[in-house]
**Student:** 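First the structure, then my questions, so here it is.
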Amino acid sequence: MPRGQIPTIVHLDADAFFISVEQALNPRLRGLKCAVGGRVRGIISSASYEARACGVYTPMPTARALKVCPDLVMVPHTSGRYGEYSGRMFALCESLTPVLQRNSIDEGYLDLSGRGYRTLSQVEAAVRGLRDRIRDDLGISVSFGIAANKLVSQIASKERKPSGFVVVPHGAERGFLAPLPASRLPGIGQKTAAELERRLKVRSVADLLSCPESALRSFFGRGWREVRAMALGEDDRPVEVDRDEAKSYSEQETFGRDIADRNIVEGVLKRMIDDLLAAIRFDGKRVRTMTVRVRHPDFSEASAGRTLARGSDLSADFYPLVRPLLAAAWKVRRPLRLVGVQFSGVAGRDPQLELFADSDERRRLLAEAVDRLNAGGATRVMQGHRLLPRPGSRRA
């Protein structure tokens, strides 16, 4: 294979990340039907594959999960620990290549071009070595997809979870995608896939490619060319490296079932804020801008952000933004498929500002104490918003 034809774009996707971290902290959980979430009132934020096989999904209400799987072991959410494990995981990735794009706390891309690999087997060996280091050093499972572009590598990484390792040689993109369900393509959710089957008799990616252009144009509108390009496995997006001055922290969650309950979504967003700010404190940074992003079942998206007068690493400064930002982004009151939070405007701590922020420093010391307690793996400190009300109920 010519050197320039070696697939070198790698997608990393941690398997059931939150519960995987909990299993690393407590190996007795391995092999059990277990999940992270509030036991009395709450939702499932991560479930082991054994639990998923019984019908437990994210973000199923805990009460329903325990009915579906009576022997489900519930594990409290360990604030701060997930951000730490994410940082360590991506640090191991950076030992393989500096060209790294972090998509979220548990997912990202690596570009191995320019690293001197001459054969596909060399690329595979390097990525397998990375997978082994993550497993041995962190005790968590990660799936990888290797392909010539970001689109195909991302789809490949999700095909054989957990501990998946799928390689798509250069030129084999169309053949790899053809037998897959059309819903594997980004932007085609289950409802869109069902409508495709009803209107155009399309079930697979191959069926999609066999459709006349006029039919695709009628169904997808102006985006039909992009959909067809994806079906062909075409994608020219580069792996975007975080620059220090433009670095951001983000996390998102795709729900197993569409969610319409605002209280549940707000609780998920606050949990993400806790995790991200713990990582931000660990890095010694402050952030000014918070953006909330939502995605509907038809993959339409909206976002809203707000910038503080000065940077902060404290949850209390960002909690009040959750409700107004969610309302601004979620104007169309349809169920949500995905919700996410991003922090940007990253800067280091300013010692001069510290002198005039005694109250913030006291709150920071408390937050860091909670981080340390939760990082120990034995003591659990849980914020009240993690005990979410049952769907449909009102929060006082």
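One-based numbering along the sequence shown. In this text the structure is predicted, and so the values were computed from the model without any measurement.
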**Student:** Which pair of non-hydrogen atoms, one from I9 and one from A148, has the smallest distance, and what is that distance?
**Tutor:**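 Scanning both residues, the minimum pair turns out to be CG1-O, 3.6 Å.
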**Student:** Extract all donor-acceptor atom pairs below 3.5 Å that involve side chains of residues 49-60 and protein atoms in other chains or at least two apart in sequence.
**Tutor:**
residue : atom : partner : partner atom : Å
E50     : OE1  : S48     : OG           : 3.3
R52     : NE   : A47     : O            : 3.1
Y57     : OH   : R64     : NH1          : 3.2

**Student:** Distance check, rounded to the nearest 0.5 Å: L321 atom CG versus L308 atom CG?
**Tutor:**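 Answer rounded to 0.5 Å: 6.0 Å.
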**Student:** For side-chain contact (heavy atoms from CB on, under 4.5 Å), just list the numbers for L92 and L130, CA-CA rounded to whole Å, side-chain angles, deciding distance to a tenth of an Å, and then say yes or no.
**Tutor:** CA-CA 7 Å; L92 289 172; L130 174 60; 4.1 Å; yes
**Student:** Measure the CG-CG distance between L269 and D274 for me, rounded to the nearest 0.5 Å.
**Tutor:**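 One gets 11.0 Å once the value is rounded to the nearest 0.5 Å.
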**Student:** Hey, are the side chains of T8 and R115 touching, using non-hydrogen atoms and a 4.5 Å cut-off?
**Tutor:**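 Not touching, per the 4.5 Å side-chain cut-off.
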**Student:** Are Y319 and V292 connected into the same hydrophobic cluster when the rule is that any two of I, L, V, M, F, W, Y join if their side-chain heavy atoms are below 4.5 Å apart?
**Tutor:**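 Linked within one cluster.
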**Student:** Determine whether V152 and I6 fall in the same hydrophobic cluster, where Ile, Leu, Val, Met, Phe, Trp and Tyr are linked whenever their side-chain heavy atoms lie under 4.5 Å apart.
**Tutor:** no
**Student:** Check R271, R337, R295, R293 against E253 for a salt bridge (charged side-chain N to carboxylate O under 4.0 Å, His left out) and give me the one that passes.
**Tutor:** R271
**Student:** On a heavy-atom basis, which atom in E124 and which in I146 lie closest, and how many Å separate them?
**Tutor:** CA-CD1, 4.4 Å
**Student:** Starting at NZ of K150, measure out to CG of N103 and round the result to the nearest 0.5 Å.
**Tutor:**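 The CG atom of N103 is 6.5 Å from NZ of K150, to the nearest 0.5 Å.
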**Student:** Please determine whether the number of non-hydrogen atoms from other residues, nucleotides or ligands lying under 6.0 Å from atom CD of Q190 exceeds 12.
**Tutor:**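 No.
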**Student:** Would you list the pairs meeting side chain to side chain donor-acceptor pair (under 3.5 Å) in which at least one residue belongs to residues 206-228, sequence neighbours left out?
**Tutor:** S204-D207
**Student:** Contact between L110 and V239 at the side-chain level, heavy atoms closer than 4.5 Å - yes or no?
**Tutor:**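 Of all side-chain heavy-atom pairs linking V239 with L110, none is under 4.5 Å.
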**Student:** Just so I know, are the side chains of L151 and R237 near enough to count as touching, which here means a heavy-atom distance under 4.5 Å?
**Tutor:** yes
**Student:** Where the side chain of E107 meets the backbone of S104, is there a donor-acceptor pair that is under 3.5 Å apart?
**Tutor:**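 It does not hold such a pair.
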**Student:** Take atom CZ in R203; do more than 12 heavy atoms of anything else shown fall under 6.0 Å from it?
**Tutor:**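 No.
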**Student:** side-chain contact (heavy atoms from CB on, under 4.5 Å) between L32 and D71: does it pass, once the steps are laid out?
**Tutor:** CA-CA 9 Å; L32 299 182; D71 55 344; over 6 Å; no
**Student:** Spell out, yes or no, whether M272 and I259 are grouped together once hydrophobic residues are joined by side-chain heavy atoms under 4.5 Å, including indirect joins.
**Tutor:** yes
**Student:** Which atoms form the tightest heavy-atom contact between A329 and A302, and what is the distance?
**Tutor:**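 Reported closest heavy-atom pair: O-CB, 3.3 Å.
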**Student:** With a cut-off of 6.0 Å (strictly less than), are more than 12 heavy atoms of other residues, nucleotides or ligands near CZ of R288?
**Tutor:**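 Counting neighbours around CZ of R288, more than 12 heavy atoms of other residues, nucleotides or ligands fall under 6.0 Å, so yes.
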**Student:** A side-chain contact here means heavy atoms from C-beta on lying under 4.5 Å apart; do F220 and I188 qualify?
**Tutor:** yes
**Student:** Indicate yes or no for a side-chain donor-acceptor contact from H170 to the backbone of A147 under 3.5 Å, with no hydrogens or angles considered.
**Tutor:** no
**Student:** Do the side chains of L112 and F90 join up, straight or via other hydrophobic residues, at under 4.5 Å, putting them in one cluster?
**Tutor:** yes
**Student:** Kindly indicate, with the supporting measurements, whether the criterion side-chain contact (heavy atoms from CB on, under 4.5 Å) is fulfilled by V21 and F17.
**Tutor:** CA-CA 6 Å; V21 170; F17 183 63; 3.8 Å; yes
**Student:** Checking side-chain contact (heavy atoms from CB on, under 4.5 Å) for the pair I44/M74: CA distance, chi angles, key distance, verdict?
**Tutor:** CA-CA 9 Å; I44 303 299; M74 295 300 305; 3.7 Å; yes
**Student:** Sequence neighbours excluded and cut-off under 3.5 Å, please list the side-chain donor-acceptor pairs for residues 155-162, or say none.
**Tutor:**
residue : atom : partner : partner atom : Å
S157    : OG   : H11     : ND1          : 2.7
S157    : OG   : Q154    : O            : 2.8
K158    : NZ   : D13     : OD2          : 2.6
E159    : OE2  : R184    : NE           : 2.7
K161    : NZ   : D13     : O            : 3.3
K161    : NZ   : D15     : OD1          : 2.4

**Student:** Would you indicate whether the side-chain heavy atoms of L208 and L216 approach each other to under 4.5 Å?
**Tutor:** yes
**Student:** What I'd like to find out is whether the side chain of E251 reaches to under 4.5 Å of the side chain of V341, using heavy atoms alone.
**Tutor:** no
**Student:** Is the closest basic N to carboxylate O distance between K270 and E266 below 4.0 Å?
**Tutor:**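 Salt bridge between K270 and E266, a charged N being under 4.0 Å from a carboxylate O: no.
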**Student:** Does K33 have more than 12 heavy atoms from other residues, nucleotides or ligands lying within 6.0 Å of its NZ?
**Tutor:**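 No, because the 6.0 Å sphere around NZ of K33 holds 12 heavy atoms or fewer from other groups.
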**Student:** Rounded to the nearest 0.5 Å, how far apart are CD of Q252 and CG of L338?
**Tutor:** 4.5 Å
**Student:** I'd like to know if the side chain of S163 reaches the main chain of S141, judged simply by a donor and an acceptor atom lying under 3.5 Å from each other, with no hydrogens or angles considered.
**Tutor:**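 No, because the side chain of S163 does not come within donor-acceptor range (under 3.5 Å) of the backbone of S141.
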**Student:** What are the two closest heavy atoms between R30 and G139, and how far apart are they?
**Tutor:** NH2-O, 2.8 Å
**Student:** Can you tell if the side chain of E195 reaches within under 4.5 Å of the side chain of T192, non-hydrogen atoms only?
**Tutor:**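 No, their side chains stay 4.5 Å or more apart.
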**Student:** How close do P335 and D258 get, counting heavy atoms only, and between which atoms?
**Tutor:** CB-CB, 3.7 Å
**Student:** For the residue pair Y82 and F18, does the interplanar ring angle fall in the parallel (under 30°), tilted (30 to 60°) or perpendicular (over 60°) class?
**Tutor:**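 Aromatic pair Y82/F18 classed parallel.
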**Student:** Does F144 share a hydrophobic cluster with L180, counting links as ILVMFWY side-chain heavy atoms below 4.5 Å and allowing steps through other members?
**Tutor:** no
**Student:** Between atom CG of L177 and atom CD of E234, what is the distance when rounded to the nearest 0.5 Å?
**Tutor:**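 Between atom CG of L177 and atom CD of E234 there are 10.5 Å.
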**Student:** For residues Y117 and A126, report the shortest heavy-atom separation together with the two atoms involved.
**Tutor:**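 In this case the closest contact between Y117 and A126 is OH-CB, 3.3 Å.
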**Student:** Is the backbone of N149 close enough, under 3.5 Å, to the side chain of D235 for a donor and an acceptor to pair up by distance?
**Tutor:** no
**Student:** So do V167 and F176 actually touch side chain to side chain, heavy atoms under 4.5 Å?
**Tutor:** no
**Student:** Please round to the nearest 0.5 Å and tell me the distance separating atom CG of L25 and atom OG of S20.
**Tutor:**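 Here the interatomic distance stands at 10.0 Å.
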